[in-house]
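Each chain gets a letter, A, B and so on, in the order the sequences are listed, and its residues count up from 1. Since we're looking at a predicted model, the values are computed, not measured.
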2 protein chains.
Amino acid sequence: MRGIRQLAKHLDISIGTVSRALNGRPDVNEETRKRVLAAAEELGYVANQSGRSLRQGTTNVIGLMIESSKETVENSDNFFLGVTGGLQSVLSRHKLDLLMLPCPNDEDPYEYLKRMVARRIVDAMIISATQRVDKRIDLLVKAKIPFVALGRSTSGGNHTWIDLDFEGVAACAVDRLVSKGHRRIAVAAPSNDINLGYIFVDAYRQSLERHGIAYDPSLVIRVKSSEQGGYQAGHEMLRLDRKPTAIILIYELMAIGLYRRLNEAGIVPGRDLAVIGFREEPRGKFLQPSLTCFRMSLRDLGVELAETLLATMPAYAEHYPKGARNTIWPLELAPGESDAFSLKA
Amino acid sequence: MRGIRQLAKHLDISIGTVSRALNGRPDVNEETRKRVLAAAEELGYVANQSGRSLRQGTTNVIGLMIESSKETVENSDNFFLGVTGGLQSVLSRHKLDLLMLPCPNDEDPYEYLKRMVARRIVDAMIISATQRVDKRIDLLVKAKIPFVALGRSTSGGNHTWIDLDFEGVAACAVDRLVSKGHRRIAVAAPSNDINLGYIFVDAYRQSLERHGIAYDPSLVIRVKSSEQGGYQAGHEMLRLDRKPTAIILIYELMAIGLYRRLNEAGIVPGRDLAVIGFREEPRGKFLQPSLTCFRMSLRDLGVELAETLLATMPAYAEHYPKGARNTIWPLELAPGESDAFSLKA
DNA sequence: CTGCCATACTAAAACGTTTCCGGAAAGCGC
DNA sequence: GCGCTTTCCGGAAACGTTTTAGTATGGCAG
């Protein structure tokens, strides 16, 4: 006999009253509640989560699914840890705990999520790295698990998502380069099926056409989202017949490899070629010359994610009247020296 | 009525038998088991974790506590994601799931852990970033929760830990520098209370003395474990009356700031000053000149952590006969150009 | 005094699972 | 036919909690 029962016996009170006192129910004498809380503190009682979950059908846990594939490990750096800070700050206000669920890299993310959902270990989910077609979304919709996807997807009807403002970034980067006289602008896009690649390239294309520049598919270089990918992108770019005068990198990490390849070819970024990176990493700062890129607050993104998620959960929605809206997350231009190269006098 | 009861009714069999069939108990007819498994697959039945945990007193979940403080976010980069891969590969063999528990940065890690332990949400824990004196360890020992600490600590008697081979790294770095004629070797150590700082500096001191070089406290520069800290370290170093000819950095990230400060002073690493970094980050590669540092496999470390943890858990110990040993994790020297500066002819 | 309501509590059911205990049926040696 | 073991299964208790329904008490209006 342990747990609440022991506490009740110690107070010579029924367990029902103890439970109600601890959970802030109204029908309990205020003095009794004081005694119960004091005794709980003294004996170090904390409700067993399994018992409570079983009874309530709720776990007070929010899952954040991340993929720990080799590629993710090498690229995402502190992204999730950063977002986590913002998530926590909101969730903890509601006594919700955050659970990071790293999908093993030898397991299908869909199967992993399915198992986690079936076990009823979380009340709601945040999924990341959404694919263009993502079965996980259909699964969550069908299982009626509240969730928010970090990244748009065409799956699952109108689910809730938050995504970075690829259109804005692409437009800003293209505008900036065109204003410096560039007309042959390459883009290094990820070669996997992640949705942002498609969205970004579409936006890039539209921005070009807005300036009356024809879209040239040979300027879209598909490589891995890594340092090696950046090197590869540089390599491919140098082999083109009509070389671009500017390049946009979707993952900033690519800049490292690109710089190396350019260095081998005696090309100096910012002097002979304009380079713009996408998401700023703190690590990118010390490239020479410094990289022009786009900046965002990971923490604020985490807050937005948490608030959007809570708005989709019936038990918490009342506190978030703005509702479960889809959000395009803006990024701010952080000018550096790498795009100083201008074709204008 | 849902769950196993429904499954039992569908099969026209008692729930006890269904449970035993699913859990691989011996006393169930092989043909019956087949039927049960088939039906479970068909109906998509997965045992409710709360019910099962409540009954068994076990959750099949291993917690990995990480801190999401601002400093950690900026420094740990992909460390945990990398380790996670190795952890998963071992844990999944035992049908154990990994749960990352990020401690909110406005909450005391001790209180956070205490709550998680009391809720009985994990069967065992891995804690990281251990302090020299770490109350969390006492807590886990007292609560009899199996755990492994990533990092030595003086708390909690003889608990199980794994730590990086600071002594080996310090000795190797000092030996290497001394062999090139250096005798004034600085070290940039973290200013917080994390244990590795003390251990590393101790080992550095002993290595110096082994070479008959007197330990000079002014050469131990305590700074933040960040890029800024590296800049600061460079700054402090340049203000010394008798300047060092070599410097060892405990966090590689410091190298970035250090390089910048050196650059401002017109000092070229590898030509005018020997620099050695500690733990290799993939990002460190593209410093110019390339950084001499120490390398390790994050994945292998994860495997070691998982195996050590399982050895401390009675239910799994039999598979890990080596037992719960303390491990000093070796790192391998990755030579670069930054320590080419030699005082010998 | 009766009826009624509000307050504060108790008792018991329920959540979904695992596991203990007992027992039926079948096989086998005598 | 009897006693024994083995194999397989059903019934029921137990895990710790929340919540529903019910009850005693006292105050108060009529």
### Message
Could you tell me if A:Gln49 and A:Thr59 have a donor-acceptor pair between their side chains, going purely by distance under 3.5 Å?
### Response
no
### Query
Any chance the side chains of A:Ser53 and A:Ser50 put a donor and an acceptor closer than 3.5 Å?
no
### Task
Walk me through it: do A:Leu87 and A:Leu64 pass the test side-chain contact (heavy atoms from CB on, under 4.5 Å)?
CA-CA 10 Å; A:Leu87 283 172; A:Leu64 167 61; 4.0 Å; yes
### Task
Record whether the side chain of B:Arg52 comes under 3.5 Å of the base of C:dT17 through a donor-acceptor pair of N or O atoms.
no
Ignoring backbone atoms, establish whether [X] has a side-chain N or O less than 4.0 Å from OP1 or OP2 of [N].
X	N	result
B:Gln56	D:dC15	no
A:Thr17	C:dT10	yes
B:Asn23	C:dT18	yes

Any base atoms under 4.0 Å from [X], or only sugar-phosphate, or nothing? Heavy atoms, all strands.
X	value
B:Asn48	sugar-phosphate
B:Thr32	sugar-phosphate
B:Arg25	sugar-phosphate

Between [atom2] on [N] and [atom1] on [X], what's the gap in Å once rounded to a whole number?
X	N	atom1	atom2	answer
B:Leu22	C:dT19	CG	C1'	14 Å
B:Ile4	D:dC15	CD1	P	19 Å
B:Asn29	D:dT6	CG	P	18 Å
A:Ile15	C:dA11	CD1	P	10 Å
A:Arg20	D:dT19	CZ	P	11 Å

### Message
Would you say the ring centers of B:Tyr320 and B:His94 fall short of 6.0 Å from each other?
### Response
yes
### Position toward the 5' end of DNA chain D (nearest nucleotide), B:Gly51 or B:Gly16
B:Gly16
